[in-house]
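Letters A, B, ... mirror the listed sequences (proteins, then strands); counts begin at 1.
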Amino acid sequence: MPRPNDEVAALLREQAELIAIVGGDAFKARVYEKAARSVAGYQADVSTLDIKGLRQIPNVGASIAEKILERFQEGRIAELEALRERVPAGVRRLMQIPTLGPKRAMMLYQDLDIASVEQLSTAIGDGRLRGVRGFGPKTEQNLLAGIELLRTAGQRLLASAALELAEELIASLRPLAARIAYAGSLRRMRETVGDIDILVAAEDSAPVMGAFAQHPVVGSVIARGETKTSIRTATGTQVDLRVVPEQAWGAAMVYFTGSKEHNVRIREIAVRKKLKLSEYGLFDVDSGELLAAQTEEEVYGRLGLPWIPPTLREDRGEVEAALRGELPELVAERDLRGDLHTHTDLTDGVATLAEMLDAAAARGYGYYAVTDHAPNLYMQRMSDQKMLAQREQLRALADSYPKMAVLHGTELNIDPEGEVDWPPEFLAGFDVCVASVHSHFTQDEAAMTRRLVRACENPYVNIIGHPTARMIGRRPPVEADLDEFFRAAAGTGTALEINAYPDRRDLSDEHVLRAKRFGVKFAIDSDSHAVGHLDVMRYGIGTAQRGWLEAADVINTWPLRELRAFLRKGR
DNA sequence: GCCGTTTTCGGCCCGACTGTTTTCAGTCG
């Protein structure tokens with residue numbers, strides 16, 4: 001996805017929020033939001049479009065097209081600047097606290113002069129919210145819990161944002177480096193990262209260090225030395241650049257990829273063999289002789305280990321498995337034959353059915369399921385007629401994709417009792433049914449467990465979508481007896497989703513590890529709402545690998561015949 | 001501010017939950 005689109009989308013989203021905060025027309029705010037989503041999901045680079053081209057984008061009319069043009073011609077949008085004058089940035093940030101929306105954020109600012117999350121936290125502690133209209137004791141508790149959630153996860157960056165930044169920096173520095181790559185938790189594909197580590201091999205470190213320190217994303221240079229430069233971006237992300245000699249590349253990659261715990265384990269193995277492992281290489285303790293450093297394979301090899309994939313390097317048993325020669329053959333993106341959870345503009349997607357199918361076919365998929373929302377997610381205004389009309393349209397388009405089977409599915413809503421939207425006779429018409437929790441997240445554990453188990457027991461439900469409904473940094477996972485849930489999924493032939501969306505990653509890697517022990521099968525899905533979202537699969541693969549999955553565990557790596565047999569669910 | 005097989009004005013994503021109220025505003029999906 002072209003970056004200018006993301007930037008414009010962020011500006012439009014900001015304008016939408018600011019309109020809502022200052023109490024502007026709610027419909028107007030909504031249009032800006034919709035336009036932001038359309039721009040983010042639009043194929044063409046908006047910075048290359050003229051007024052006419054911009055107006056082709058859904059939900060972009062004369063006014064918003066002008067503003068986008070203004071952004072690229074003037075470097076700013078005057079109306080947005082004027083709104084920013086009225087609302088401090090911290091007030092907007094207050095809205096990131098779950099349960100705090102635009103109205104009460106503005107009230108806090110106007111009545112109590114609270115303009116940051118920190119100030120709100122202090123104000124609650126001082127009892128300054130007592131007696132303020134709309135803020136009772138329960139609200140105070142909820143706000144404090146929300147602030148805590150922000151504080152713990154909010155400091156970290158989603159892997160998607162980190163990867164984008166890392167790839168941009170690497171692209172610009174590559175001409176100055178013999179070798180360059182990112183390491184750290186990003187290479188291990190954790191959900192979030194605290195900072196970004198970039199490793200460079202170069203004879204002379206000065207040119208690459210200089211270029212790095214002067215890169216446009218740099219807000220401030222924290223430290224600058226011979227082998228390491230640290231910067232902070234304007235948005236607060238720390239990036240460390242380390243330069244090593246090319247002959248030490250492998251040892252440095254091992255060292256800087258971590259995790260710390262993994263490194264401790266392999267260093268112990270080295271010590272037992274009278275070796276010493278550092279970022280400069282693997283050495284014989286007695287003679288000081290360098291034994292291996294050039295590649296990771298060599299380093300692991302001299303320790304008596306096979307190369308261990310970065311996504312496993314968490315000291316969760318990978319060293320022992322490697323010693324036994326029992327490392328899993330991890331599922332990889334190239335193993336995926338299709339995507340089983342995607343949306344179109346029939347509900348909340350921004351691309352048409354044909355656009356999504358084209359993009360899926362271009363990825364070389366052997367099958368692809370369209371699973372728009374079902375009627376009980378009321379805001380989507382789904383109906384039997386609309387769903388059947390889509391099926392007809394889809395069957396008609398299927399001939400255009402001789403190499404890709406086009407499956408018609410839906411994403412059902414699991415209601416508090418575990419029931420879903422349609423009766424069996426209607427569900428029977430779908431090729432695949434995803435079912436997800438979209439509301440009533442706070443049921444107690446027993447009720448939530450029963451709800452999820454019942455959904456698995458439904459003979460038409462094939463995949464439980466984003467099974468814990470968590471949003472990273474926004475909403476905790478639902479409380480349920482996961483072991484019972486996983487047992488039910490395995491027993492009923494219901495796959496559990498690894499939703500690849502970067503702020504979901506749901507199931508998480510820990511849950512995948514646990515579920516696999518029950519014999520659960522998984523579906524790695526993009527949950528795409530736009531053409532560009534099909535690429536988020538890499539994060540789903542990251543989570544699957546971190547959960548030690550092999551291709552056989554993942555139903556959308558299977559040939560179509562086998563997949564279809566699984567989807568029949570013994571019916 | 002956008003949109004149109006209800007078309008240039010008058011609608012627009014609907015319903016439920018939470019926590020606050022004492023009949024409802026705010027937030028969420």
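- Applying the ring-ring contact (aromatic ring centres under 6.0 Å, His included) definition to pairs two or more places apart or across chains, those involving residues 441-466 of chain A are His438(A)-His466(A).
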_Can you build the contact string for nucleotides 23-29 of chain B? Use B for base contact, S for sugar-phosphate-only contact, and - for no protein heavy atom under 4.0 Å._
---SSSB
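- Taking side-chain N and O atoms only, Thr139(A) has a distance below 4.0 Å to OP1 or OP2 of dT20(B).
- The P atoms of dT20(B) and dG15(B) are separated by 26 Å, rounded to the nearest whole Å.
- Listed by first then second residue, pairs satisfying ring-ring contact (aromatic ring centres under 6.0 Å, His included) with a partner in residues 496-515 of chain A read Tyr501(A)-His533(A), not counting sequence neighbours.
- Atom NE2 of His373(A) is separated from atom P of dC13(B) by 15 Å (rounded to the nearest Å).
- Applying the salt bridge (charged side-chain N to carboxylate O under 4.0 Å, His left out) criterion to Glu33(A), with sequence neighbours excluded, gives no partner residue.
- Looking at residues two or more places apart in sequence or on another chain, you find a ring-ring contact (aromatic ring centres under 6.0 Å, His included) between Phe566(A) and Trp558(A).
- Nucleotides dT6(B) and dG11(B) place their C1' atoms 10 Å apart, quoted to the nearest Å.
- The gap from the C1' atom of dG10(B) to that of dA16(B) amounts to 27 Å, rounded to the nearest Å.
- Listed by first and then second residue, the ring-ring contact (aromatic ring centres under 6.0 Å, His included) pairs involving residues 405-431 of chain A are His408(A)-Phe430(A), Trp422(A)-Phe426(A), Trp422(A)-Phe430(A), Phe426(A)-Phe430(A) (not counting sequence neighbours).
- dT8(B) is unpaired under the Watson-Crick or G-U wobble criterion, no partner having all donor-acceptor distances under 3.5 Å.
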